[in-house]
Amino acid sequence: MQRFASSTRDVPPALAVPRHVAIIMDGNGRWAKKHMLPRFAGHRRGVQTVRTMVRCCLERGIEYLTLFAFSSENWRRPQDEVSLLMQLFVRVLKEEVRKLDRNGVRLRVIGDLARFEPDLQALIDASEQRTAANTRLVLSIAANYGGRWDILQATRRMLLENPERRGDWDEADLTPHLAMSYAPEPDLFIRTGGEQRISNFLLWQLAYSELYFTEVLWPEFDALAFDAALAWYRQRERRFGRTSEQLLGALPASAQATGPRVDA
């Protein structure tokens, strides 16, 4: 399995185009209310935005896209809404996986899938297997996922794999057991809908991600809004614990003259 650099142990390259974008897709219900529609209409409309984001990532050379679809806390929502969301998940998998496969997109679903119905679990497994050889983009869907759950389950797996050890653990021991051990840490985190929190999403992996919050509701988050987030990202000075002077000294003289904020 490929190992990726940890931003708290090493200094990852700061690229002009993020390698990995993670998004909390917020605002579906408010979009529906604004248009005097039932909440579920917002979730259906949000699926179109997912298609747009996949296309944007393919066109812009982004390698990993991770979407927070259903958190471990979302079970607290009204039962009828949860039931409709599960039905939508099934329908989207049945309708979209063929298109993902045709476009070279690999699908991964992360989270505690044991709570889902067996038929849904089987559909997820079949979808992942169908797209397993694709390499243009890795699309990860976080479903019944929570950052604290992820760290706890990784810790349990680490201890089970090394029952003879009694401490002296480090990051390298834990990270292979995290739900997204197959991907580099997100370079850019986006949350739509105006809220400014990470809501138990990728707590370990977002340690040095750039956090972008926008008022745009998810069903209205189009290619122009996505490009605005990428433009903001390019202006960030990604220091990873270093000073600005150290970062400037690490750039070639030609780059220092033009003063870019991110090393391309």
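Numbering starts at 1 and runs along the sequence shown.
As a member of the Ile/Leu/Val/Met/Phe/Trp/Tyr network built from side-chain separations under 4.5 Å, V47 groups with F40, L84, L88, V92. With side-chain heavy atoms closer than 4.5 Å counting as contact, directly or through intermediates, the hydrophobic cluster containing W31 also holds L37, L217.
With sequence neighbours left out, K33 forms a side chain to side chain contact (heavy atoms under 4.5 Å, CB included) with no residue at all. For the ring pair (Phe, Tyr, Trp, His ring centres under 6.0 Å) test, no residue two or more places apart in sequence or in another chain qualifies with W169. Looking at residues two or more places apart in sequence or on another chain, you find a side chain to side chain contact (heavy atoms under 4.5 Å, CB included) between S71 and F68, E73, N74. Under the rule for a salt bridge (Lys or Arg N to Asp or Glu O under 4.0 Å), the partners of R30 that lie at least two apart in sequence or sit in another chain are D26. Remark: F89 pairs with no residue by the ring pair (Phe, Tyr, Trp, His ring centres under 6.0 Å) rule, at least two apart or across chains. Scanning for side chain to side chain contact (heavy atoms under 4.5 Å, CB included) contacts around D222 gives L224, A225, with sequence neighbours left out. In this structure F226 satisfies the ring pair (Phe, Tyr, Trp, His ring centres under 6.0 Å) test with no other residue, sequence neighbours excluded. Annotation: side chain to side chain contact (heavy atoms under 4.5 Å, CB included) contacts of N144 (sequence neighbours excluded): S72, W75, D112, R115, F116.
Between the CG atom in L174 and the CD1 atom in I151 there is a gap of 7.5 Å [rounded to 0.5 Å].
For the salt bridge (charged side-chain N to carboxylate O under 4.0 Å, His left out) condition, no pair includes a residue of residues 116-127, sequence neighbours left out.
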Only distances under 3.5 Å count here; give the side-chain donor-acceptor pairs of residues 55-62 to other protein atoms, sequence neighbours excluded, each with its distance to 0.1 Å.
| unit_1 | atom_1 | unit_2 | atom_2 | d |
| --- | --- | --- | --- | --- |
| R60 | NE | D227 | OD1 | 2.7 |
| R60 | NH1 | C56 | O | 3.2 |
| R60 | NH2 | D227 | OD1 | 3.3 |
| R60 | NH2 | D227 | OD2 | 3.1 |

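Cation-pi geometry between R191 and Y212 is not satisfied (NZ or CZ under 6.0 Å from the ring centre, within 45° of the ring normal).
With D170 contributing its side chain and D173 its backbone, the two residues share a donor-acceptor pair below 3.5 Å.
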